[in-house]
Structures are given as C-alpha cells and as structure tokens.
Amino acid sequence: MSKKNEDSPEVATGQHYTTGNHAAAEGSLAAGCKFFGGYPITPSSEIAEHMALRLPKINGNFVQFEDEIASIAGILGASWGGVKSMTATSGPGYSLMVENIGLGLMTETPCVIVNVQRGGPSTGLPTLIGQQDVMQARWGSHGDYETIAISPSNVQECFDLALECFNLSEQYRLPVTLLMDEVIGHMSERLVIPPKEELTIISRKKPTDPPDKHLPYKADDSLVPPMATAGEGYRVMVTGLTHDERGYPDLTPEAQDKAVRRINDKIRLNKDKIIKLEEYMLDDAKTAIVSFGTSARAAKGAVNRARKKGIKVGLLRLITLWPFPDEKIDQLADQVDRIIIPEINYGQVTREVERAAHGKTEVKGDFRLGGAIHTPQEILKEIERN
Amino acid sequence: MSKKNEDSPEVATGQHYTTGNHAAAEGSLAAGCKFFGGYPITPSSEIAEHMALRLPKINGNFVQFEDEIASIAGILGASWGGVKSMTATSGPGYSLMVENIGLGLMTETPCVIVNVQRGGPSTGLPTLIGQQDVMQARWGSHGDYETIAISPSNVQECFDLALECFNLSEQYRLPVTLLMDEVIGHMSERLVIPPKEELTIISRKKPTDPPDKHLPYKADDSLVPPMATAGEGYRVMVTGLTHDERGYPDLTPEAQDKAVRRINDKIRLNKDKIIKLEEYMLDDAKTAIVSFGTSARAAKGAVNRARKKGIKVGLLRLITLWPFPDEKIDQLADQVDRIIIPEINYGQVTREVERAAHGKTEVKGDFRLGGAIHTPQEILKEIERN
Amino acid sequence: MSEEEEFQLIESDVHPLDGYLREGRIPHIFCPACSLGSVMNIIVEAIKEAKLENKKVSVVSGIGCTGRISGYLNYDSFHTTHGRAIPFAIGLGVTDPERKVIVISGDGDLFAIGGNHFIHAARRNADITVICVNNFNYGMTGGQVGPTSYKGQYQSTAPYGAVEEPFNLPDLAASCGAVYVARWSALDVRRMKDSFTEALLKKGFTFVEVLGSCPTTFGRRNQLAEGKKILEYFHEKSEIQHGADTKTVGISKDSKIIVGKFIDIEDKPTLTDNLMAVQRMSKAKGK
Amino acid sequence: MSEEEEFQLIESDVHPLDGYLREGRIPHIFCPACSLGSVMNIIVEAIKEAKLENKKVSVVSGIGCTGRISGYLNYDSFHTTHGRAIPFAIGLGVTDPERKVIVISGDGDLFAIGGNHFIHAARRNADITVICVNNFNYGMTGGQVGPTSYKGQYQSTAPYGAVEEPFNLPDLAASCGAVYVARWSALDVRRMKDSFTEALLKKGFTFVEVLGSCPTTFGRRNQLAEGKKILEYFHEKSEIQHGADTKTVGISKDSKIIVGKFIDIEDKPTLTDNLMAVQRMSKAKGK
Amino acid sequence: MSRVEVRFAGFGGQGIGLMGRLLGEAVALGEGKNSVMTQSYGPESRGGASSADVVIDTDDIDFPKATDLDYFVVMSQEAYSKYIPKLKKGGIIFVEEDLVTLDEHADKAKKIFKIPATKIAESLGSRLYANIAMLGFLCANTDDIVSEESLLKVMKTKIKARYVEKNLVAFQKGKEHQ
Amino acid sequence: MSRVEVRFAGFGGQGIGLMGRLLGEAVALGEGKNSVMTQSYGPESRGGASSADVVIDTDDIDFPKATDLDYFVVMSQEAYSKYIPKLKKGGIIFVEEDLVTLDEHADKAKKIFKIPATKIAESLGSRLYANIAMLGFLCANTDDIVSEESLLKVMKTKIKARYVEKNLVAFQKGKEHQ
Amino acid sequence: MNTSLDRRRKKPEWPAFIDLSKYKIKAHHVHIIKERCKECEWCIIYCPEEILEKSDKINVKGYHPPQLIEGKTFDDCAECHFCELICPEFAIYVEVPEEEEGSENNE
Amino acid sequence: MNTSLDRRRKKPEWPAFIDLSKYKIKAHHVHIIKERCKECEWCIIYCPEEILEKSDKINVKGYHPPQLIEGKTFDDCAECHFCELICPEFAIYVEVPEEEEGSENNE
Ligand SMILES: Cc1ncc(C[n+]2csc(CCOP(=O)(O)OP(=O)(O)O)c2C)c(N)n1
Ligand SMILES: Cc1ncc(C[n+]2csc(CCOP(=O)(O)OP(=O)(O)O)c2C)c(N)n1
Ligand code: SF4
Ligand code: SF4
Ligand code: SF4
Ligand code: SF4
Ligand code: SF4
Ligand code: SF4
Ligand SMILES: [Mg+2]
Ligand SMILES: [Mg+2]
C-alpha cells in the first residue's frame, strides 16, 4: 500500500486490498501516529513492518527496540515528548508490557497498543487465532485501573478502530488496546480510506494556564486533566508513584484514593460515551448471540441462517470490550431467554455476561480453545439446541 | 529466627515471634523448598533475605537474579531440575513475571510465587498495603488457564498456607500464588511451627512406566500427569508451544483443545478439593461479609461488634481466592439479604461475588483504594447502613 | 551570646539552587550523609555550566534512591518504572533532537533489571547522558546485594558475603560503544561537575559512573556505617587515571579505585543521526 | 536402469544419528539450505565426542528458528520463552552440579530480548554452554532486523537498510567474563564440533557463536537468497585468528569475518563453585 | 452470484499465499465483487503445510474461511491428503501433477486439471514460478472467478518489479498448458 | 484484660521499628499474652515519618493496628503532630523532650513522661541508643504492658551481639531517668 | 549437470576448512535418505573429492538429491564425513563397513 | 569539639581533589540553612581551609550543624565552594558580595 495523497501523506486515501494488520497501521498513521516502538512477534509483525516503511517518509520515527518492555517504555516516553505513539504485539509480548502499561495508566499517558491475539497460554499457537487475552487486557497489570479495549471484525474496522483508539487514548489520556486476532490481522479485504478532511482526529487537551499556575494532575469535571508535555516550559513531573495534583509523590491513603479513584472514574463515568456496539436483528430476538472479533463474523453468518429458518435470534457485537457494556447486557437479559457467547477461549466474555445478566436469563458460552474459528453451522447448531 | 531442630533443619519447630514474610519463608522451607530465585522488592524483600540466610544451611540454593523475569524462569528451571522452588515479589515484579508464569502453566511446572501486595497501579504505594492484584493473579498472563491463589490473614497462616501452596503446586502441577499483603507481610505475631512429623508434605507424582513407554503429558482421571524431571532418563521434552501427550509441539486446534482444556479442567474439576474457606457466624446470618487477607481481620472485628449489638451478620473468609468459590457464594446469595465485601481495591472480589450471586441478593463492595485498612468501626457502619 | 556569635555562619532559609529544585520538596528523603543530595546538586550546577536551555532538559529516572533525584529537579522530569528509564528516555529524546535527556539512576536499576537497555542504548549510540550512582547495593529496598557489589561484601541477601564477580561498568559501557565514559567518587565533586558538563555537551551515548556513599544499607553492613567513612575510603583508594584501559578499572574489595575520564570518542553517528538518515533515504527511495 | 545406477549413492531410511533425535520429528521445520540442521547435527556429534552421559545433558532454548533445536534433540530438552533460556538453564543447572546444560538459541533471543541474562550469566560465570546461531536477523518471525544485523543490511523492519551498530558478540561475552569464547561460520563444521566439545568439557560460562545461513529471511533480502551463496560468502570472508583480541572481531558489511577460538581462561570460580562456597560458609558461621 | 470458495494449498516456500493475495485483490479491486483472503500458517510462517483461501461473493462475506471448496488448487501431497475431504461434491481440482498423486477421494470432483507447474517453472530458471504458472492454468480453465485482465493488472503492481517479467511468462505458460 | 494499644513514632533512622518488635515479642513470648506489631513505613523504608504499633490483648486480636492509643511514645515533632489526635482521652505520652514540643492537644493525656533520650544516647557515644533509652523509660513507668525481665530477655537475643551491652546501659539510663 | 562443478571452481584451496590428510581413504559407502534432501548442494559443493552432483530425479517435495558423478565410485570418497556433518537434513552419511570384505553387498 | 580536626589529620595533601590555586581569596559569607543539615560533616572535613567544626546546638532533627572554628573568620575562607558543592542537603553555601564594601552587614 503506498500513499495516494501528496498533501497529507499520512492518510493513504483510496481503495486498497490489504490485511487487517496493514489497515491498523494505516489507521494509526491517519490518526497522527508519529512514533512506533516495537518488537516483532507473530501474528502482529506486519504492523511494525508497515510502520517501518511508512513512518520515515512522514518525518516519523520507527525504533525496533530490544524487547517489548523497552517498546512500551519508549512509546510512553515519546508520548511525553509530545507525539502520538504506538506499539503492536501479541500475547507473550503483551504479558511483558503489562508493568509499563500500568505506568501509562498511572501517569495518564496516551498511546495505543495493538494486541493481535494468537492461541495461548505461553507460546501456544504462534500462527493461529485465539481470543484469549480479553481478560488480560483488563486485568493484566497490578493495581486498580479501568481501561479501554476495542475489537475489530473486518479489515475496514482495523483502520477505523485503530484511529478510534488513538482518539480515545488522547481524549481520556490512557494506553488503549486494539484487541485484534490473528485471522483479522492476516485476512485481506477491501479497505477504503477517506480523504483526511473526512476523518475525525482528536488530540490531547493542552493546558491554558501559565506554567507557574499549572497543576498537571488537576482535572475538571471531565476527570481528564489537560496534558503539558516535555519542552513546553511546564516542567512536568511524571511519576508512577501515587501523586498529588502537582504530580509530586504523595504516599498517603488520601492521595491514593484521590488519584486512583479519578483514573478509574474517568472511564467508569464516561462509559456511555466510549462504548460502541453493533446490534443486528436484536429487536424481536428471543435468543441473543454476544460475540466479537472474528467470531462475530461466524455469529452473523449463523444469525442469517437461523433467521432464514425463522428462528428469532440476533447478534450483539461488542466492538468495545472494555469498559464492558454491563447495562446493555442487563437489558438484553430482560429481553431474551438465552444468551449464547461464541468465543475463542474458555469463557472470558461469557463470565462478564454472566455477571452483567444478574441471573435473569440463561447464559451459555460456546467455546473454542484456539487455533480455529467457529463455523456459522456450528453456532447455528448451538442456537437450535434447546 | 534460627533453626531449632537439628534433625530436620528445614523445619524451625518451636514458638516464634515473627513477621508474615518470615513465616512464609519458613513455611516454604518446611514444605521442602530448596531453591529460591528472586529479585528484591518492597514489601516482599524479607522473604528473599530470610531464604538467603536459611537455604545454604540446608544445602539449598539462593540466587538473586538480575530481575523478576529471570527469577521466574530460574525457578521453573529448578523445578524441572527436580527441586521445589519459589520466588517472592510484589505487584510490579509480578507484572513482569506473568509471561513466564504462563510458561509454568502451559508446561505444568510446580512452583510457588509469593505476591506481597502493595498499593498500585504502577509504583503506587511501595510501602503500603493494597489488595489490588486479585484479578491479576487470575488473568495476568495471556491465554486461557485456571490457577490457584491463596490469601493468609495472619502470621501463622503465612506459614501454613505457604506450605499448602507448595502442596497444591506439586499435586496439581502448576505455579501457585500466595497472595499476601503488606500488612500481613510486615506484621509480627506469634508463630508456632510443629515438628516435621506433624506436617503434611506433598510432592509431585513420579512416573512408574519406563522411559521408552512414558508419555509425559498423558494424564489419568486426576487430569494431572506424573512428572519426570531432568536427569532421570526420561528425556523430558518441555515446550510452551501447544503440545501432544509426548510433549511434542502440535500446532493444531485439536491438540490445543486437548492440552488447554486439560490444564484448565484439572483445576475446574477439582475446585472442591482445593478451595479453603473460613465461615464465621454465618449460620443464621442475614448479612454476609465476604473478605480476605488483612481486610478479613477488620471484618471479623466488625462482625464481633455487630453481634454484640444483635445484628445477624457473619463472615465468609476466602482463604482460597482462586479458583473462586462460586457455589458457596451462590448458596450464600440464597440465604442472605446482602453481601458486603470490604476489600482494599476498587471492586475485584466484589465483581466475582456479583457474578456468582446471580442477582439473588444485594452485593455491595466497601472499597479502600490502598494505603490504609478498613477499621472494624467503618465496616460496622456499612453493616448498619440500610 | 547572639545567634551570630553562636553559629558564626550566616543563617539563611534559602539556597541559591532552590530555584532549580521543585518547590516544597526539600528536605529530600535521602539519609544523612548519603551522597545523592550532592550528586543532585552537581547535576544542577553542570546543567547551568553547560548553558542548556532549561526547557530543553529532561531528566529521567528509574526506581531506587538514586531514581528519586529526577523528581526533585525542576526540569521536565520522569520517574518511570524500575529499570526502564533508558528506553523511556530514548522515546522521549527522538521526538525532539534538540532535547537533552539525562538519565540518572542507581546501579541496580541500570545494571540489574535495566542492563539490557543500557547495552542496547550504548550500541545504538542513543543521544542520552546516563549517570549511574553506584552505591554497591540496592539502597531503596533495604540493602540487597547487586551486580556491582564486590566479592566479600555483606548485604541482606548476601549474609555470608557476596560471591559473584561484579560488573566493571566503564568497561561494559565502552565495549558496547559509549562515546564518553568517566568515573568519579562522591568526593570528586568538582571533577564530577566537569564530567557531567562534558557529557551533557556531547552528542550520543555518554556515561558517568559516580561511586556514591550509602551509609545506611551498604556502609552499616561493611564497617563503613558513616558517610564520612565512605568518603574517606574513596579518598584513600582513589587514583586518577585519565584514559585508562577500561578493562583495568574493575573494583574489588580494598583495591585501588581508578577514577578519571576513560573514553571520549568523536564523530560517531548517533541514534538521532541514524533516524534522520532513514527519513532521508525513505524519501529518496520511492518505496 | 536400476535404482542403484540412477542414484548411485546407497539409499537408506535412517541416519546414524537418528537415535539422538526425537522419534518422528524429522524432517524438521527448517528451510532448505538453512544451517540450523547442520548445527543440530554437530551438537549431537560434540556431545558424543565429549562422552557426556546422555541423561546428564539438558538442552535449553528460547524461541526462534534456532530455538527449535532443543525440541529435536533426544536429551532432556526445554523450549522456554523468548529470551529466557539462560535463567531457566541456570535454575536447572544449580539443582545438580553434575548436569551439563547447553543453551542453544538465536541472536535475537539471546541478545535482543535476552541480552541482560546473557551478560549477567557471563558475569556470574554460570555453568552453561551457550551456543548462539547468529543469522543476522529474526528468522522465525519473518526476517526483522536485529542487534547483530550489520549496517546497510535490508530486513523487513529495516526497509531502507539497517543503521545501527551491531553487537560484537565475542567481545560482549569476553568483557562480561566468559571463560571460553569462539566463533565459527556454518561452513566450519569440523572446527565447530571441536569448539562445542571443548566448551562442553569446560566448567563455567562458555560461549560459541555460529554464523548461520538463513537464506529465507536474511539472504533473500541481501542478494544471498540461496544457502550456498551464504556459505560461499563465509568461505570467502572468513579468516581464522585464534586468540584474536575480541575488540577486533566485529562484523560489518563485506568486511573480513574473523573466526577462531578467542578466549579460554582457566580456573575461574563458577556460579556452582560459589554457591557451594556459600553453603560451606553458612554452616561454618552460626548465623 | 452466490459464494465461491477457492483454496490454494502446498508447502511453505511454494508461494501459496501470494496466489491467494493476487486472486483476492484481482477480484475485489478488478471485478467489483467482495473477496476475503485468509491464510493458514505453519509454525511461525515456514515449513510444513501452507494454504490460502479466497472466498468470493457479491454479498457481504460473513464467514471468511473456505469450508466447502468449489476449487481446490493443490501443490503437495501432504496438502492434498489434508484438504481433499473439504472439496465440495462437484468441485474442481487443479493439481501439480509431479508432486501430488490423487486417490479415490478425488472422485467426487467434477473435473480435475493437471499441470507440471514446478517443471514448467524450473524451465524458466526457478521453481519459484510454479505458483504463477498454476495461477495462469487456473485462470484459463475457470470462468466464474476472475478475468485474466484483472489478474495481470494486480500481478504488475504486486510482484516486485524485477520478477514481473518472468512471472508473466510463467502465467502464460500455465495458461497455455493443456 | 482488654486491648492495650501502644504507638511508637519518630523519623526513619531512630529505630522506631525495633522498639515495636522488642516490645511485641517480649509480650507474646514472655508474658503469655497476644501481641501484634505493625509498622508504617515511609517511602520504601527511609526518611520521613516512621511508626510502629503494638496491640496487646489476652484475647485474639482481630484488628491489628492501633486506633485509640493508650500509650504514645513520640520522638519527633512531625510524628507528634501527625499522631497526637489518635491519643485516647486519658492516654499516656512518652516524649523525647529535645525533639518534640507539646501543644494543647497533649492536654487530653492523663500523664506525660519526658526524657532527653537522644542526649542520653549521645552521652553513650551514639544517638542510635535513644530508642532503647526510651524503651527503658517506658518500661519503668508502666505496669500493664511488659515486665523488665521479658524485655531484657528479648533484647539479648534480638540485638546484634556487639551492640547488646551499650543498649543495656541505655535501657538502664532510660529506666532511671526521672 | 555442471552447476556444482562450476561453483567449485571458484573455491580456493580446501585446507581452509578441511584437512584431507587427516582421513585415510578406504572402501566404504555413502548413503542417501533421498526424501530428506532439500537440495542445498552443500555436500556437493564442499565434498573435497568432488565426487557428488545433483541428480535429475525429484523427491516428493520436488528437490533433486545428490548422486555420484558419473565415473566416480565410493573408492574416490575420502571418508572425511564432511558431507555428513554439514548436511542440514540428516540426509547423507558415510558408513565404513566393519570389515573390508563384503562391503559391496550390505544392502 | 575536635573530631573533625582529628579526621583531617589523616588526609594526604588536598590537591588530589581540589586545586586551591584556582580560587582567589576575598571577603564573602558562608551561609547555613541549619534545619537542613544532617551532620554528615563533609563540609567540615573537606574544607581546605579547615575553618569549620560541628556546633553544639541541635536542630529539629537532632543534628549539629557546622559553625566557624573559634578564631576563624570569613576571610579565612578560600571561596572554593567545595562545601557548597558537596553538601548533600543544600544546607551550606558561599555568597560573594556583589561589592566588597558593606559585605559585613548584608543580613
Ligand atoms: C519491577 C520492580 N522490581 C523491583 C522493584 C523494587 N526496587 C525498587 S528500587 C530497587 C533497587 C534499587 O537499587 P539501585 O538502582 O541501585 O538504587 P539505589 O536505591 O541503590 O540508589 C528495587 C529492587 C521495583 N520497584 N520494581
Ligand atoms: C515475548 C516474545 N516476543 C516476541 C516473540 C516473537 N519471536 C519469536 S522468535 C523471535 C526472534 C527470533 O530471532 P532469533 O532469536 O535470531 O532466532 P532465529 O529465528 O533467527 O533463529 C521473535 C521476535 C515471542 N515469541 N515472544
Ligand atoms: S539507603 Fe543509601 S542510597 Fe538510599 S538514601 Fe539512604 S544512604 Fe542514600
Ligand atoms: S527462516 Fe532462516 S533461520 Fe529460520 S529456518 Fe528458514 S532459513 Fe533457517
Ligand atoms: S565423506 Fe562425503 S564429503 Fe568426504 S569425500 Fe566422501 S562424499 Fe565427499
Ligand atoms: S547436504 Fe543434504 S540436503 Fe543438502 S544437497 Fe546434500 S544431501 Fe541434500
Ligand atoms: S568555600 Fe567552603 S570549603 Fe571552601 S574554604 Fe570556604 S568554607 Fe571552606
Ligand atoms: S555538608 Fe551540609 S549536611 Fe553535611 S554537615 Fe555540612 S552543612 Fe551539614
Ligand atoms: Mg544502588
Ligand atoms: Mg536470528
């Protein structure tokens, strides 16, 4: 894929036939990403490779670090240097990153981490699909935090949602995870990239008060403080220790409550604005399928087939996995007799649905443990079982 | 603390006044731990320090590695070398270990990891309490797995449960987490260590078939295969890749299903044997407190105070956090009008209780975000609120 | 007697460098007779001396007593995670080639958990100045043995004395490609300042090792329980050997301590130079 | 024409070394003309030559094409996580001083993500033999640039050519304290076997770098698309210099490639020796 | 038009993925239809079996993998044995005749096209052109997948400049093979 | 006997933790009562405020921290200001008189004992003995906490051999201080 | 087929990587496991006696395993085992008959 | 109090770490922020002019900040700033009056 538009070379406006990985890279470039720090890992490496090719041309920098820990640390540094930054990895690499993702969460550093999921645990199935890192994206790092994770189901969405990840990351000031899977990452489909003017691009809010008045961790009602970065004269003070509004370490329960509560609440209280869902034939459904990523494609296939047979079934596709759409599930639990969750893991989203459904409907996971995806026929069978 | 018994120098039989950290170290030694690989971190370092002092005397080895990743890798290696091994850390270190904890889970390697929890996320409150790593202990590493995590509430339990962790780890062949917290770790109390003969010590099951017939990853009904280790002539083949019963890499969905399902099911199906709970005044309770670790002490104080006032309240103390006691909570949800969960985090066990209660009772978390513990008075107030 | 007569020195509430420190953060948390305060002092003096524009200076640390230094300094400062100051600094640095990024951290942070980042940054000739305060142990966590502890040194996790060979930091830096390498003890404050200044004014990967005094967790266990004893020790053992072959400057118990400027290489392309070159090439080639 | 006449060589189904390989695992996954198969072959020959007791041999790898070698060998074998073979091997090794632990892995595994473990293991003089097959790139993941890629080398993440200085592996090993350091190209099979044998018979941290042929992901992008071209390249460029100063053996594009045995030090206490000493001291002192 | 499923299969190094990508793109950008191309990799991208599916439809494509093959293009014995059960009854097989021996499973095929693609490629100097020869052969003997024009266009943009010419010859030779 | 709460407080380096540990162990192993000792650390164990709580009870001790101090042993101004609100009305204060200036909050105390512990310690060669001098002073002026015998026994086993003697002297001097 | 011979001509003297004098020449067999060969040609190119060449036959993966050059016999083999050591596929090896007699018909 | 003087006697010549000739001597003030001092004694031990000593006074943390040795005056100070540079507490510093005159009463 080569750039089409000389005026905004970061946006490869036009029609392409490409992979989810390349689309995610292009979406990131379109969002304004100027720094990629990463370490190769199957099945995500094509993202790094594409960024290595594209970034230098738009005066961005690609650094292949010595490992994933350096990569995440490097992109946090770059974000504080004032540029949008990202990395891409898969399960084993994400596991290595969790400590410093925590630093990003605590210091409220915007950046994007792509996890192209493969089968796990451990080295598992390096080249085959898994959707087993859903819970890790939420709970992988120590300490209390809320976070955002988004899951695309086709190549176009890899572009759109990569861009969205940057927007959310800048708006809410946190590392956001684009949780892809191997099939989406390696699948080729048509991708249409609009002209730059048609894209909505959000960047971090900047402080307006002068440096000597500025309190870098004081937030207004949005709960998200504006972000001064290095070199702007604000003499930012950034620490992973519990800190006060000045950013100074303050190792007291009171400071901890204030700081940690806010970084959690800025997501909890803005859930509705953040969460994206696709509802498909749910209106009259008595059975709901809840699914995401590649699985959701098979699920849609199953819904189509079932509807042809007259079965009242619909699909709730979770585009946003975290924050979890508790309210929507609760509502759905009131409506349907059964929720089926096809997922390529041993019951991760199913657990969350179970929690949010409050016992009001039957919740049934349909699990594959990795390496292969459900077929529509298999899910249809599950729908028809009763 | 010095050894008292010349015959079994690994068991410091006698009465001591010591900290939770030292007690956990002694419990590990009593369990037969002969290798500690670690990297210091507050508030866990005293465990390493005590092991450095004690292990060489009993022909064990203490290696301070260059970081936590090397530490966990090292203890996995030692376990395959045929000895019981352990490490101790806190949140940031645990975060660095999750990738290789995954290796331990996938390769079914017994070992014990102590996490003395401090306040997080990130560097957070290095010297102060948190209970914020409960979910991480379950979901920190990528891929699907089940695991065991245990939480002591006093110094004696640090000894008893450290030993129990080794037993479970050897019996079920997996890394087990002793999830302590800063207050328990640093608190001094009386500790009574019984003579060696009175301790139950479990070691990994060994194969009985000859090397040329042996299938290292073939399990019987227990779902736990016997474990041949290096140097025994079995020519073990250990890999974090998905593998077949021979241990050979087998990168197919079928092998994945078989291997990953079993390592999950060996815990899921043995839940009842693994889970340890303390029930306190629950029989006639209309309000239940569910708590663990240091918080459970304050909770017990609150129950005592409330009972004096005639309030029907009881405590379910989760000694085992993972696997989670779903059935017990479900049962409790049938019995009580309300479950209150005091925990030093922003709602981790509360989420699980919410899931397992299936909407049958009110579930209310009572959160502290770290650095301080609830007082009995505060929990009492929560009990009395209605 | 008047105050003046009693104390004779002129009493004051403020220090000329207070403006370079974050308001309200002094007194710092360092122990009495810990040289970290001195090093902090000297860093500020060197930044002044090098005439760097204040807002173009960033200070990055990992975790440890030494790592706390960044947070006291009134520049853009970043107190990251344990061992990760260097990659953070690299990311920060490449976003603006005019920025001067200083990494200040401890021996454990930079050479135990962070060792890999150090050798790679030196190899890449990343544009950062790394200052390591080597106090021979992990101060912050209570005095465990570390990769610079000498054989026979007692620490909480080496109750029978350390047995491993320590790293020779200047040699490690040199063999991985650092363009400037110096070592001074905490007593050599003026030479330290000169080295810091030189390092700051140089492009590429520059490294200064400072032998620090840690009376609390190192000294106490090694018959050097007071800071003044440790400085005395440095004073007795130090020998200046500019340009010494770094292979020869390893430190062992009771040996001479070779200090000085060991390496000062000119004109080696830095990471920033290389990234710029890639940008140029990418535009030249129509790939 | 009979079979015999057509092929002339005697057809067979089994190889004399098959018993040293895990049953049913050949053919291996390595590409045509990848030297990893040869290295595997030579490791087995060296273990035989060193007359090690088979059940006292463990082979540990990280992740990568090279890392797959452990899994084919019919010894106790451990295919760990990326970069972590060395600390795993240390833990494994200390549980039985009689065990010989061989680490075999790639340049990325041992020197990118695993670099810290390497330098620390060398510093500690851990009792392991580390064999690195340096194929100048990350083969397994499709050919990314790595810390041994030379300047100007093309790889998928260096589409404009690599710009960073590579590590000089023998020098890094030497400066961290390895007691045995040698380098051979994939063509030097017999000398490689001798070096492996020597390394296996030595106590402490021994290191052999093998320059491997990776036609698929390295060669293809660098005008060396066939394995035979890479071997030819090694053949042309190699020069044996036993005992060469390791500082001088760095590899750059089109430069000479110095191979040979560079370091062979006697009688340095190993990690195992040191741990034993601690055990003795702990029993002596009544602490 | 309803869904058409094509699977290319062989071993690593034969350029199976490229065949899929070229066909997929030719369909999606050249023919105005939808197409999804997915690949299945062996251990981290080399050795062993390799396959690529192209699913073609005028409608949206929900499920991206091929399950009932309309066309099975096979270039190794291992791949043949592994995937032949997936061939739709009445599907069509394209086979590299020197590397694959068919068995009774192939009987369900409506038609079988055979080509010595590797030999053809070797005659052009490298076995690496075998995939494109096969693609030419496929293109010549089908009419509901893709036009030659679309395929050639994609080949010219997607194949590295210095290899384009030889590949076009290989394509031609494949096309002409009877 | 009901719960007794003792808090020791000062700054890092004064040996506050040791005071707590000695008292806690003396009670638990010497007096047959239960005791829990908890510490609160500053930033990773040095500098700033430091405190140690000892809770003593004949019953099981549920909540391990001190909240209503029966005894407040204070050795720095900062610690005094921070913790004096926690003193139980009618509680007792032990204070290092050279380092702490009391204020009106101290009025709620039943009794206040003052000692120049640091000066006493300095007279023995090091301010490091101040904590033990204070412990002696505490022991001499209370009767519901611990016996001198139990304390001395613990001191002899828990303090490094080479420092025991000086500490015993400090203890004695503290005990004798009026 | 001459490719391998052409290549060989480019090579400098052999001793750079193999010392022929070390290996005494005697009758023995060179074995091939033909389905394993992946045609790297290393045995062919680096055989010090230059007795091997690519065959025309292809194996199941389409590779051409080595064969003896016409006119060469096992007696020309130096028994240096170089082909055996360098073959990455465990496809070629040299076996010296335990007894000189009967070595020709041990199939 | 003589401790620091005793210590000083052990020292070899000063130039090893400070070159006195570089600093011209003139009148100026040495300032102390006494609550910051933690009594490391470095300013005392390493003052090349040996004009400082520990005072008897204690500050709020119980430390004894330095004072001028009896009989010494600011004129004895070499203005080398060594005490200022080495003080880990930012507690002591030297200020040269802008103008020589009036320097005695700038308090
Ligand atoms: C991941 C992680 N592991 C361990 C720690 C605990 N820790 C904090 S500082 C430190 C070592 C400090 O030693 P050094 O870098 O030498 O600094 P010093 O305190 O001696 O100046 C350690 C191990 C941590 N904070 N994070
Ligand atoms: C934590 C982690 N990060 C990244 C990877 C992906 N990965 C697998 S092998 C490899 C590099 C292989 O390079 P090298 O060690 O040189 O081995 P080669 O394949 O070249 O023999 C990488 C990056 C991984 N498996 N785990
Ligand atoms: S512990 Fe050591 S390094 Fe840390 S502040 Fe105290 S003296 Fe300094
Ligand atoms: S990619 Fe390279 S190193 Fe890996 S098997 Fe193929 S040729 Fe060998
Ligand atoms: S052993 Fe092999 S390489 Fe050596 S001469 Fe014989 S055929 Fe040639
Ligand atoms: S060395 Fe082995 S694989 Fe290569 S051509 Fe010879 S027999 Fe075939
Ligand atoms: S400046 Fe300070 S150190 Fe120098 S002579 Fe004056 S008082 Fe002494
Ligand atoms: S150097 Fe500073 S802290 Fe030390 S004694 Fe002098 S004034 Fe006090
Ligand atoms: Mg240190
Ligand atoms: Mg490699």
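Naming convention: chains lettered A, B, ... in sequence-line order (proteins, then strands); numbering from 1 in each chain.
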With a 4.5 angstrom heavy-atom cut-off, could you sort out which part of C:Arg99 is near chain A: side chain, backbone, both or neither?
side chain
A:Val236, part contacting chain C, at a heavy-atom distance under 4.5 Å:
both
Checking C:Glu53 against chain A: side chain, backbone, both or neither under 4.5 Å from a heavy atom?
neither
Interface check, chain A: of C:Ile119, C:Asn54, C:Ile90, C:Thr81, most non-hydrogen pairs under 4.5 Å belong to C:Thr81
Examine the side chains of C:Ser282 and C:Gln279 and answer whether a donor and an acceptor come within less than 3.5 Å of each other.
no
Quick one: what part of C:Thr80 sits under 4.5 Å from any heavy atom of chain A, side chain, backbone, both or neither?
both
Sub-4.5 Å side-chain heavy-atom contact between A:Tyr39 and A:Ile69:
no
Under a 4.5 Å heavy-atom cut-off, does chain C meet the side chain of A:Leu76, its backbone, both or neither?
both
Interface moiety of C:Asn74 toward chain A, non-hydrogen atoms closer than 4.5 Å
both
Do A:Gln136 and A:Ser95 touch side chain to side chain, with heavy atoms closer than 4.5 Å?
yes
Examine whether an atom of C:Arg123 lies under 4.5 Å from a heavy atom of chain A, and if so say whether it belongs to the side chain, the backbone or both; otherwise answer neither.
neither
Answer yes if the side chains of A:Asp250 and A:Thr252 hold a donor-acceptor pair under 3.5 Å, and no otherwise.
yes
Specify whether A:Tyr234 and A:His214 have parallel, tilted or perpendicular ring planes, treating 30° as the upper limit for parallel and 60° as the lower limit for perpendicular.
perpendicular
If you apply the rule ring-ring contact (aromatic ring centres under 6.0 Å, His included), what do you find for C:Tyr180 with C:Phe207, and how did you get there?
CA-CA 6 Å; C:Tyr180 183 96; C:Phe207 174 61; 9.7 Å; no
Does any heavy atom of chain C fall under 4.5 Å from the side chain of A:Tyr248, the backbone, both, or neither of them?
side chain
ring-ring contact (aromatic ring centres under 6.0 Å, His included) between C:Phe30 and C:Tyr72: does it pass, once the steps are laid out?
CA-CA 11 Å; C:Phe30 307 130; C:Tyr72 293 111; 5.7 Å; yes
Would you check if A:Ile263 and A:Leu174 make a side-chain contact, meaning some heavy-atom pair closer than 4.5 Å?
no
Output the option from A:Asp67, A:Ile72, A:Val63, A:Asn100 having the highest count of non-hydrogen pairs under 4.5 Å with chain C.
A:Asn100
Most heavy-atom pairs under 4.5 Å with chain A, out of C:Glu23, C:Glu98, C:His117, belong to C:His117
